[in-house]
Each structure stands twice: as structure tokens, then as C-alpha cells.
Participant: 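Dropping a structure here in C-alpha cells format, bear with me for questions.
Any value given below was found using the heavy atoms of this structure, including those in side chains, with hydrogens, waters and symmetry copies removed. Lettering follows sequence order; numbering is per chain, from 1.
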Amino acid sequence: MNNQFICSLISGIFIGGVAGYLGSLMLTKRMALVGDALGHVALPGMGLALLFGLDVSFGAFLFLLLGIFLIWLFEIKTSLPMEALVGVVFVASLAIGFLIIPQPELLEALFGDISKVSFEMVIASVIFSLLIFLIINRIYPKMILASVSENLAKSEGIKVKKENFIYLLSIAAMVALGVKIVGSLLVGALVIIPAATARNLSKNLKEYYLGSIILGILSCLFGSLLFKVTHLPAGPLIILFSTLFFLISLIFKR
Amino acid sequence: METILKVENLNVELEGERILENLSFEMKEGEVLIILGPNGAGKTVLLKALLGILPYGGEIEWKKGIKIGYVPQRLPFIKDIPMSVEEFFDLKNVSEKETEEILRSIGLEKDILEKKIGDLSSGQFQRILVGWALISNPQVLLFDEPTSGIDVSGQESIYNLLEKLKKERNLTILLVTHDLNIVYKLATNCLCLNKKILCYSAPKELTSERISELYGGKIKFYQHSHE
């Protein structure tokens, strides 16, 4: 095993774990497809980052902030449902992304590439993963209560709007990290499938979020190892492992 | 008796529509105030205004430092979340001792803590919601339709539970419902609501004319919609 591969493995494990954790919250908020949509929104930013030789996560995060701002702005200006607005923003981003990303880099942006992870990037991935983990950990019980009932949460003095905003920023940061591993097309799956699998298997909240984290880690681990052996793209392999766990969970569903 | 809640000229408007108009009433310590009204009368909106989670005009004055417990009507999404009863209680920072006390109060065994919320019967779930509201010992409980969706024997046991809790914990209760049975069983005061206050009296003064007046609009509306 060379250093390069160990770097990829470490960042994959951290990002996969925190993606599963955040996904477990997104599933209870019935926001399973938000990760998918935001993955597309990240694409133009990734394109610009590739053109200028910057880190794709950095470009992705900037465009995610812009995308979220636009969705919020459109929501104030129209009475259209949120999902329609998300739909508009994400296809527009996809179109722009395709136009500005040079052909050779397009596949990397769409499906991710873990073969070029540098040491600095590993450090950054680990730090950001831990940071997102801590933030989610802090808002988790409040968000669960708000998923149960917004009124109940408000009656307990929880500032739902503020917590929602922090939560949305964490999703943006998570997506920005995730696109590096599995690319913009598959990042939604990285977040949601482990949580869906864990839900099939768990009878309480603790089993549910721990399960999501472990399944996220295992998918990234096995996907990366298979990539090492087969040299097929790692992103799709990770998602396929994740899907395999999901299928197995259907047999043991509680 | 000390006044716990004083409401004066309460007005609530949502999206340009007047939902509540000039409500004034008060609640004394130990009272059971039942708010009766047809669907769409603004009962739930009134509760939300009292909880301070909706903007309103007029005055709502709670006794200083009072703790309020809220029992919501239905929680349709809770069954989507894999969560044990214990974890649901833990969302509110409850001690083990308090949980035990509450379970005794609501007549459930300790082994229910391990159960998944989605696996509870509707009667058990209702009790758990009441128990959740009792955490940190509120002096006032607000109930939104505690008997909706529960069969007759279940309703009976919820009434009995409320009566027991009231005695045990010296609670003041405000309860919103369209179930007339509960009025004669529990209420010390009764308020008929349909946007405005249509009656406000002790239950024995609640005549059948008053009730048909309260629900009359609704009955007419149904006849109309079937033509």
C-alpha cells in the first residue's frame, strides 16, 4: 500500500462517516433528495476550481452557498413550492457546469476521483469532517424534535429557523466534501443510502445514527479497496457497496 | 384563587384572514377550562398563540415564571423516526427518577421505555405525549384534542388519567376539543369558540341551544356541500 492510497482511504473514511451521520438527520426531515440536488448545484464551482487549479471542494462550497441563497431568494419572490425552485436551480447549475468544465475533467467532477488526494487535502478533509460532525452532534436532538413537530420544538423554546440554517450550512459543507470522493452525481447517495439502510435495521435512535456512520465508513472503505484492486472508478464502487448493504438490510428489516 | 392566565382582546390573523377575533377570558389556579368548537374554529391557533409560537394582537398574560406543558394533537411524522420512548423523553433532559415518577403518573410500566414509538398503540402513545408534557413539572397543561383518533374505551381512560393528574399534581388545565362528553365530566369552565367567543360559562349553564348555535354553522355547511 502506498502513501497516496492511504491518504485516499483516510479522507474517504472520515467523509463517509460524517455523510452517514448527516444523512440520518436528513432522512428524518424527509430531505432525502436534497443532497442529490445540491450535488448538481456544486458542479459549476467544481468546474471553475478545476480550471484554476484549486481544490474542488472549495469551489463547490462557494457555489452551494450561492445556490442556497438563490433558492431562498426565489422562495421569497414567488409562491412556488421549494422543490420546484430547487429543481430550477439545480438543472441550471448542471447546464452551466457542463459548459465550463473541460472535457477531460468532466468525468472527475461527475463521479469523483480519490486517486489524487494530497496530504494537505487529507488534513483538510479530516478537520472539516470533524467540524461538521460536532455541529450536527450539537443540533441533533433539536432537529429530531423539530422533525417530530415544529410546534413542539418551538414550545420548548428551540429557535427552529436558526437551527435549520445551521443545518443547511452543514449539508452544503458535507456536499462540498463528498463531491471530492464520489463526484457531484453520486454525492446524494453517499449521504442517504447508509441512513436508509440503518433505518431498516435499527429499533432506536442510537442504533440508527451509529449504524448510519458505520455503514458510511464501510462503504467508503470497501469501495476504495476494490478500486485499488480493479482500478475501476472509486465513486461508483463506493455507492454500489452502499447499495449492496441496503439490499442486505431488506432481508433483516425490523 | 390566583389568576394564572389573562387574555384580553386577542386577535390572530394568518395570511390576511382573521382567525380569532377579540377573545377575552381568564384562567384561575386549579381550573379546567375546556374550549369547545367545530373544526376550523381556531382552537389550535388559540393554543399556539397562548404558547407564544404565533404572532398575535392583544394581550396574553401568564402568571410570572409559570411552566407550561403542551400536548399536541397528532404527531404523524414521529413514526418515521426509529426512536425509543426513553430517547423521546431524553430529548428534554429528563432524569431517570423523574421518568419513573411520570410513568407511574400516566399508568405505564417501565418496560415501555425500551419500545419503539412507532410500535405503541394509539392509547399508549397518547399517554406518552401527556407524560412528555409533564417533564420538569409544569403547573399548567395545554391539550389539543386529546381524544381524537382514540376509541371510546381509550377516551374514557384518557379522561380518568386527566382527572387523576389534576388531583395528583394540582394542575391547571386548558383543553381544546369538539368532544362534548369531556365537558360535563371534567370542566370547571367552558368556552365556546368559533372565531369569536360564543359562550363562556360553567358547564351546567351550557344549554343545547348554545351547542346547536355553536355547531349550527358547520351542519349547514355540510348540507350545502352535498347538494
Side-chain angles (χ1 to χ4, degrees), chain A residues 20-32 76 79 137-164 192 194-215 249 252-254, chain B residues 15-16 44-55 62 67-94 112-120 125 128-133 135-136 138 140-145 174 176:
Chain A
Y21 190 37
L22 181 58
S24 72
L25 205 50
M26 288 168 75
L27 205 60
T28 71
K29 297 276 289 172
R30 291 165 298 283
M31 285 172 67
I76 295 176
S79 57
N137 187 256
R138 199 186 66 82
I139 64 171
Y140 209 94
K142 298 179 203 169
M143 295 309 284
I144 289 288
L145 189 55
S147 302
V148 168
S149 155
E150 207 153 290
N151 288 326
L152 210 55
K154 283 183 187 162
S155 76
E156 287 300 308
I158 294 170
K159 298 198 174 55
V160 176
K161 272 195 179 143
K162 182 188 132 202
E163 303 295 337
N164 260 330
I192 283 307
T197 309
R199 185 151 104 193
N200 278 341
L201 299 174
S202 52
K203 64 176 190 308
N204 58 43
L205 213 51
K206 195 171 168 193
E207 287 179 12
Y208 173 53
Y209 67 72
L210 283 178
S212 303
I213 294 171
I214 292 168
L215 286 161
S249 79
F252 299 102
K253 193 174 185 313
R254 291 175 114 133
Chain B
E15 287 163 13
T44 301
V45 169
L46 173 60
L47 280 190
K48 287 184 190 171
L50 292 177
L51 284 165
I53 58 180
L54 268 187
W62 288 101
K67 274 196 212 133
I68 305 166
Y70 168 50
V71 187
Q73 188 175 9
R74 267 176 266 121
L75 298 176
F77 300 127
I78 198 167
K79 300 196 170 181
D80 293 343
I81 304 170
M83 180 161 54
S84 68
V85 172
E86 189 170 20
E87 286 169 328
F88 182 50
F89 273 44
D90 281 343
L91 292 178
K92 226 174 165 179
N93 286 332
V94 63
I112 201 148
L113 289 174
E114 300 296 317
K115 277 203 176 166
K116 197 166 159 178
I117 299 251
D119 294 341
L120 301 178
F125 180 57
I128 291 298
L129 283 183
V130 174
W132 202 82
I135 295 171
S136 73
V140 185
L141 276 191
L142 304 187
F143 279 90
D144 197 353
E145 310 255 4
L174 187 146
V176 146

Participant: Only one of A/T28, A/N204, A/V148 passes side-chain contact (heavy atoms from CB on, under 4.5 Å) with B/M83; say which it is.
Facilitator: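 Single side-chain contact (heavy atoms from CB on, under 4.5 Å) partner of B/M83 among A/T28, A/N204, A/V148: A/V148.
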Participant: Hey, what do you get for CD (A/E156) to CH2 (B/W132), rounding to the nearest 0.5 Å?
Facilitator: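 Between atom CD of A/E156 and atom CH2 of B/W132 there are 4.0 Å.
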Participant: Could you look at B/K92 and say if it's the side chain, the backbone, both or neither that has a heavy atom under 4.5 Å from chain A?
Facilitator: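 For B/K92, the contact with chain A is made by the side chain alone.
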Participant: For residues A/L205 and B/E87, report the shortest heavy-atom separation together with the two atoms involved.
Facilitator: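 The answer is N-OE1, 2.6 Å.
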Participant: Between A/S155, A/S24, A/S149, A/A198, who has the most heavy-atom pairs with chain B when the cutoff is under 4.5 Å?
Facilitator: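 That would be A/S155.
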Participant: Heavy atoms only: give me the nearest B/F77-A/S147 pair and the separation to one decimal.
Facilitator: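 It is CB-O, 3.7 Å.
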Participant: Considering non-hydrogen atoms only, spot the tightest contact between A/R199 and B/P82 and give its length.
Facilitator: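 Scanning both residues, the minimum pair turns out to be CD-CD, 3.9 Å.
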Participant: With respect to A/L152, which candidate in B/L51, B/L91, B/L75, B/V71 satisfies the side-chain contact (heavy atoms from CB on, under 4.5 Å) definition?
Facilitator: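 One option only clears the test, and that one is B/L75.
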Participant: Measure distances from A/K206 to the heavy atoms of chain B and classify the residue's part below 4.5 Å as side chain, backbone, both or neither.
Facilitator: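 Contact with chain B involves both backbone and side-chain atoms of A/K206.
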